[in-house]
Every structure is written in C-alpha cells, then in structure tokens.
Q: 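Supplied in structure tokens, the structure appears directly below.
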Amino acid sequence: MAEKITPREKDYSEWYNDLVKEAQLAEHSAVKGCMVIRPLGYAIWEFMQADLDRRFKETGHVNAYFPLFVPKSFLSKEAAHVEGFAKECAVVTHYRLKNDPNGKGVIVDPDAKLDEELIIRPTSETIIWNTYRNWIQSYRDLPLLINQWANVVRWEMRTRLFLRTTEFLWQEGHTAHATKQEAEEETKRMLDVYADFAEKVLCIPVIKGIKTANERFAGAEETYCIEAMMQDGKALQAGTSHFLGQNFAKAFDVTFLDKTGTREHVWATSWGVSTRLIGALIMAHSDDDGLILPPAVAPTQVVVVPIYRKDEELEKINAVVHDFVAKLKGSGIRVKYDDDDTKKPGWKFAEHELKGVPLRIAIGPRDLENGTVEIAFRDTKMKQVVGIDGLAEKIPALLEQIQQGIYLKALKFREEHTFNADTWEEFTSILDKGGFILAHWDGTSETELKIKEETKATIRCIPLNAPNEEGKCIYSGKPSIRRVIFAKAY
RNA sequence: CGGGGUGUGGCGCAGUCCGGUAGCGUACUUGCAUGGGGUGCAAGGGGUCGUGGGUUCAAAUCCCGCCACCCCGACCA
C-alpha cells in the first residue's frame, strides 16, 4: 500500500527517513544539518509543549526568555562545561555585510568584526547564571524556578531529522536553590515529570536512571535520564535532568545570605527535552504503513470519510455526519470531516494512515441504510462495522483505549527485548540481536570505554530501581553490586 | 575528517560510457467517466541539465576546477 516507505525489516534507518518525509513531518532544509519542521510535525510538538508547559507550571515553574547569543568568555567560566561544548559551537564574528567590490553579491564587512565573538547557545547555563547573579541576594530570592522554550545550535558532524539536528527546539529549566537537598529533590522531581509525560502522553515506557561519569552532562555533578527503547532495540535518551551542584554558582559567583547571615553559593539544576522526542515517538510506535500517533498528541484524533457516488448520497451523509462531528467537537475531540471531493476514499484511507490519525470512520450509502459506520483503528489495523447510535459518546473511551494499547504494546516490546547477561559471550550475542542488557559492571570508566570500543554498546543508565545484587563485572570480572543497562544508542 | 553516492520541470528518476533539437513516472490544469483501500481515458502547461572555465561546427554528455547535499564511519547532553 504505502510503497513509498521502505519496510522496517529491510532497513530500519531508511524506514525512519522515508516515514518522516512521506508523512510530511519534516524535511531537510537548504541549510546543512537543519530541518524544516512541517505543519504536522510542528503540531505534534505544540501538543507536547502544551502538556509539558502545564506540568512545569503545576510544579511551580515560570517561563522566561534569555538571549540566543552567549559571549564567548561566558562559556569558558565553567571548565567541564566548555570542554564538553567547545567542539560544536557556532560562532558569530561579524555584524555587517557589504556589497562585494567585485560585484558578486555581498561579503562580510571586515570592518565589522566583533570585539568579542558571540556563541550561538548550545545550551543556556552560562548566560542564565550570569543573569541569576543579579537576581539572587537573599535566601528569600530562592528557589528560583525558571523554564525557557528556545532553539539551540550544536554543530554535530552527523545529523538525522529530529534525532540529531544542528538546530533544534527544546525547553531548558534552570533552577537555583538554597540547599543541596532541595536541588537534588528538584532534579528528581523533574525527572519524574518527564517520565510521567513520556509514558502517559507519548505512550513510551522509559527507564529512569543515573548516567555514568562518561555520559554525564558537561558541568553536572549528576545526570539523571529517562531511556526509551526503539523498535530496532536501540536506546534513545528521551530526557535529562541534571544536578549541577554549586559549579555554575561558583563559576558565575552567585551567592546569597542565608538566615544566619552567612554567604553561600546557591545550588543548581537544569533539565531539558527536545524535538528529539518526535523522533522517539515515531520510532517507538509507527509501522510500515506510516505514523502511529497516541491520541494525546495526534493533531487529528478522528477522521470521518464519506463514501458516495451521487450528490444526493453525499447530502444524506453530510446530514448524519454533521451531527456526529458536532457531538465529538462538543466533547473536545479533534475531529476532521474529510469531505474533499477531489480525493477518492481509498486515497484518503492510505493518507490518514500515513499521517497517523488514530481513528477513522467511514460512512457510505450502505451504512445509511443500516444505521452503521465502519470504524478503523490505526494502531491495530482492526476494522469493524458498528451502529452510529451512541457512537459519539463512546469515542473518548475508544481513544483512551488506543492510548493505553499503544503504551502496552511498547512496554511489551521493551520487556521482550530486555535480557540479563552474565558472561561476555552472552553479552555480545544478545547485542547482535538488539535490546537492553542488564549486566554487572565494575564501576570504572576504563571498563565502560573498552566495552564501547569493542561493541559500540554504552551504559545507558544505572536504573534508579535497580535492586542490590552481588555479581561480577561482565568485562573485567571485578565485583559489582548491581546491574546496569547496556545498549546501543542513538 | 575518511569512504561511498547524488546534483536534469514541484517531487522521484532515465539519458552521460559512445557529443547531434531534453525524456519518463508522478504531481499540477481541463474535460468525461469513476467512487466501500492510493481510479481510468484524453488533452494541456512547466526545465539556465548544481556552478565556473576548457575542448568542439555542436556539450546534460568529454576535460579541469569549485560548490552543495545525502548515506556509512569517526565524533556527540
């Protein structure tokens, strides 16, 4: 049917590229590594934003906006931070163009060189902490709980639509606290917000955990993350929440007087999710016919397709459908009546499947006679003919059922592709098949790096819920107290 | 940065080896038929062949340079 999309079995990577393009989620732009997010892709992002924004506000945060540019000197104030980001920064050196004296368009005006270069933010810790210095004087100014919706630029060598683009959209929360404990609680609170959002809204089961030192955010003392499994068994980091300690407070001299009049450095967190989540959504659920969207983020949740030959038939269908659609809209459902006369029903069926509309309802002359409609579920491909009486009232429950079903399917997939490995042979043979591997690790960066070199697998996280268990490192044989999750990752 | 590939109507491609008036599919426009899984027939519009130079009577095609993008790898919250 959707022969435009390479089947997953044949080439998972090609399938993903084809799907993003054919479903019109995004496309490559004229700028290398940067994508154009098309209306369908952007609408999904808007639903994600709306839900996350509500959750941020419910947990006491407010939004603000900081500059796109960061003075170069700011970036180097925190040693680990600059080390981590320096290699992928876009730099603004001039502020003016002029006509080429040779008549070939415009050139950079050499007289317009900036005294200090500006970095296009790869993340905003530095500019934000420089600002916080002036906002924080007293313990009464804390906690400071701010989120920013923004774009950032990281000059990656290799890009993939949504998963890793040079410019991407995200939110970054930056909070300041009076105590270490409070900042640690905030870090975990936001991790929980992300995990709940991923599972309830995106239907993507995630594992909450802590990153190893190798994978830690540049400038963080501890990085918490949620890790998701894609349909090819590879891991995708879906969100991170960092406990930054006093690193940025010290780098930017952000201090406050506590109740006893003692000057202290404040404690920090930062946390973020990005348009990468759209990639996660696609790779977690979709199939060879196209996108499969959880109803919670589907721009169109229900589409109604009329089937008719003559105008009189269409009029009769219209009468029935208008009533039905009005009821759905009344209960807040995003429904579209696709009565476009220039497309055939078969074309529409394929199109709406490609675009991931969760529920499709077809109604034709046969249905008018019988008082029925055909209802088709995008996620399971199930179709059935049901009576139209009372159907509108049942739709919210059906959508909820789809939402649940998509989550459970993804959860089942993850469970079926998660294995314990106790020997190196087991470990490598499971890796070939793909999936998460729970294995013992001796806790050293050397071992982790060697495993990565030999197998390309990395430690995705040390799960928060990992039970204590005596064991021996899969690689070095040294003692270990719990299993960690290994996988190949995006 | 290494390896591979591609630049030709909106999109996808053929044509390049072997130089000779730019073609196919799709999309678009119009008409008629059709309509329960990407509809059929007919007509029509649309292209500086990535770019700069060279060879030639003649270049999408041959030669040299440049640019861009994609894929694989190294790299990467």
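Bear in mind that the values here come from a model prediction, so they are computed numbers and not experimental data. Protein chains get the first letters and strands the later ones, always in sequence-line order, with residue 1 at the start of each.
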Q: Any side-chain heavy atom of Asp232(A) sitting closer than 4.5 Å to one from Arg8(A)?
A: no

Q: What is the separation between atom CD on Glu453(A) and atom C1' on A74(B), rounded to the nearest whole Å?
A: 12 Å

Q: Indicate, with a heavy-atom threshold strictly under 4.0 Å, whether Lys456(A) touches base, sugar-phosphate, or nothing.
A: sugar-phosphate

Q: If we take the P atom in both G19(B) and C1(B), what is their distance in whole Å?
A: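 Per the computed distance, 37 Å lies between those P atoms.
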
Q: Expressed in whole Å, how much space separates the P atoms belonging to C63(B) and C28(B)?
A: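 About 40 Å, rounded to a whole number of Å.
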
Q: Between Phe168(A) (CZ) and C76(B) (P), how many Å, whole number?
A: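 Those two atoms, CZ and P, are 16 Å apart.
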
Q: So do Asn17(A) and Arg160(A) actually touch side chain to side chain, heavy atoms under 4.5 Å?
A: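 A side-chain contact under 4.5 Å exists here.
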
Q: Determine the contact category for Asp341(A): base if any of its heavy atoms lies under 4.0 Å from a base atom, sugar-phosphate if only primed atoms, P, OP1 or OP2 are that close, otherwise nothing.
A: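 Answer is base: heavy atoms of Asp341(A) come under 4.0 Å of a base.
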
Q: Grab the NZ-P distance between Lys87(A) and A74(B) for me, whole Å please.
A: 14 Å

Q: When you compare the side chains of Arg460(A) and Thr458(A), does any donor N or O come within less than 3.5 Å of an acceptor on the partner?
A: yes

Q: What's the CD-P distance between Glu167(A) and C76(B), to the nearest Å?
A: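 Taking CD of Glu167(A) and P of C76(B), I get 23 Å after rounding.
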
Q: Nearest to the side chain of Glu88(A), heavy atoms from C-beta on, is which of C75(B), C76(B), G35(B)?
A: C76(B)

Q: Starting at atom CG of Leu236(A), determine the distance to atom P of C76(B), rounded to an integer number of angstrom.
A: 17 Å

Q: Kindly compute the distance separating OG1 (Thr418(A)) from CD1 (Ile207(A)), expressed to the nearest 0.5 Å.
A: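 It comes to 6.0 Å.
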
Q: Quick one about Asp192(A) and Tyr224(A) (side-chain donor to acceptor, distance below 3.5 Å, no hydrogens or angles considered), yes or no?
A: no

Q: Under 3.5 Å, is there a donor-acceptor pair between the Thr223(A) and His242(A) side chains?
A: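 Thr223(A) vs His242(A): donor-acceptor pair found between side chains.
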
Q: Check this for me: does the side-chain of Lys383(A) come within 3.5 Å of the base of G37(B) through a donor and an acceptor?
A: yes

Q: Would you mind classifying the nucleic acid contact of Ser13(A) as base, sugar-phosphate or nothing, using non-hydrogen atoms under 4.0 angstrom?
A: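 Answer is sugar-phosphate: Ser13(A) comes under 4.0 Å of backbone atoms only.
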
Q: Base, sugar-phosphate, or nothing for Arg160(A), non-hydrogen atoms under 4.0 angstrom?
A: nothing

Q: Can you tell me which nucleotide in G37(B), G35(B), G38(B) comes closest to the side chain of Leu354(A)?
A: G38(B)

Q: Does the structure place the NZ or CZ of Arg360(A) under 6.0 Å from the centre of the six-membered ring of Phe349(A), at an angle of no more than 45° from the ring's axis?
A: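 Yes, a cation-pi geometry.
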
Q: Between G36(B), C76(B), G38(B), spot the one nearest the side chain of Glu374(A), thanks.
A: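 Nearest listed nucleotide: G36(B).
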
Q: For Glu215(A), which contact category applies under a 4.0 Å heavy-atom criterion: base, sugar-phosphate, or nothing?
A: sugar-phosphate

Q: If we ignore angles and hydrogens, is there a donor and acceptor under 3.5 Å between the side chains of Glu222(A) and Thr187(A)?
A: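 No donor-acceptor contact under 3.5 Å links the two side chains.
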
Q: Just to be sure I understand the rule, does Tyr224(A) reach a base, reach only the sugar-phosphate, or reach nothing, if contact means heavy atoms closer than 4.0 Å?
A: nothing

Q: For the pair Phe252(A) and Phe248(A), name the ring-plane relationship: parallel under 30°, tilted 30 to 60°, perpendicular over 60°.
A: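 Ring orientation, 0 to 90° scale: parallel.
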
Q: Can you check whether any acceptor in the base of C71(B) is under 3.5 Å from a donor in the side chain of Arg158(A), or vice versa?
A: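 In this structure, the two groups form no donor-acceptor pair.
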
Q: Rounding to the closest angstrom, what is the interatomic distance between G31(B) and G20(B) at atom C1'?
A: 39 Å

Q: Which sits closer to the 5' end of RNA chain B, Met157(A) or Arg216(A), going by the nucleotide each is nearest to?
A: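 Comparing both residues, the 5'-ward one is Met157(A).
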
Q: Find the distance Lys488(A):NZ to G73(B):P and express it as a whole number of Å.
A: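 It works out to 10 Å between those atoms.
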
Q: Output a table of nitrogen or oxygen pairs between the protein and nucleotides 67-70 of chain B separated by less than 3.5 Å.
A:
residue	atom	partner	partner atom	Å
C69(B)	OP1	Lys32(A)	N	3.2
C70(B)	OP1	His28(A)	ND1	3.3

Q: Rounded to whole angstrom units, what separation is found between the CD1 atom of Ile361(A) and the C1' atom of G36(B)?
A: 15 Å

Q: Can you find a side-chain donor-acceptor pair between Ser13(A) and Asp11(A) that sits under 3.5 Å?
A: no

Q: Say we look at G45(B) and G23(B): how far apart would their P atoms be, to the nearest angstrom?
A: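 Going atom to atom, P in each nucleotide, I get 13 Å.
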
Q: Pairing donors with acceptors under 3.5 angstrom, does anything connect the side chains of Tyr308(A) and Asp339(A)?
A: no

Q: Considering only atom P, compute the distance from G52(B) to U8(B) and round it to an integer number of Å.
A: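 15 Å, rounded to whole Å.
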
Q: Give every pair of a protein N or O atom and an N or O atom of nucleotides 39-43 of chain B that lie under 3.5 Å apart, one pair per line with the distance.
A:
residue	atom	partner	partner atom	Å
U39(B)	N1	Lys344(A)	NZ	3.2

Q: Determine whether Thr269(A) and Glu182(A) satisfy the following criterion, side-chain contact (heavy atoms from CB on, under 4.5 Å), listing intermediate values before the conclusion.
A: CA-CA 10 Å; Thr269(A) 82; Glu182(A) 214 182 279; over 6 Å; no

Q: Could you state the OH-P distance from Tyr16(A) to C71(B), rounded to the nearest angstrom?
A: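 Whole-Å distance recorded here is 11 Å.
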
Q: Using the rule given for side-chain contact (heavy atoms from CB on, under 4.5 Å), can you reason through Leu163(A) versus Leu236(A), listing the C-alpha separation, both sets of side-chain angles and the distance that settles it, and then say yes or no?
A: CA-CA 9 Å; Leu163(A) 299 175; Leu236(A) 187 128; 3.5 Å; yes

Q: If we take the C1' atom in both U6(B) and U51(B), what is their distance in whole Å?
A: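 Nearest-Å result for U6(B) against U51(B) at atom C1': 15 Å.
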
Q: Look at the side chain of Arg309(A) against the base of G36(B) and say whether a donor-acceptor pair falls under 3.5 Å; ignore hydrogens and angles.
A: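 Side chain to base: no pair present.
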
Q: Could you check whether Pro365(A) gets within reach of a base, just the sugar-phosphate, or nothing at all, counting any heavy atom under 4.0 Å?
A: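 The answer is base, as Pro365(A) lies within the cut-off (heavy atoms under 4.0 Å) of a base atom.
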
Q: Categorize Trp271(A) for me: base, sugar-phosphate, or nothing, with a 4.0 angstrom heavy-atom threshold over every strand shown.
A: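 Counting heavy atoms under 4.0 Å across all strands, no contact is made by Trp271(A).
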
Q: Expressed in whole Å, how much space separates the C1' atoms belonging to G54(B) and C72(B)?
A: 35 Å

Q: Choose from C76(B), G38(B), C72(B) the nucleotide whose nearest atom is closest to any side-chain atom of Arg164(A).
A: C76(B)

Q: Name the stems that RNA chain B belongs to, where each is three or more consecutive Watson-Crick or G-U pairs with both distances under 3.5 Å?
A: B:1-7 with B:67-73, B:10-13 with B:23-26, B:28-33 with B:39-44, B:50-54 with B:62-66

Q: Please state the P separation for the pair G7(B) and G46(B) - nearest whole angstrom.
A: 25 Å

Q: Answer whether the closest heavy-atom distance between the side chains of Ile5(A) and Leu354(A) falls below 4.5 Å.
A: yes

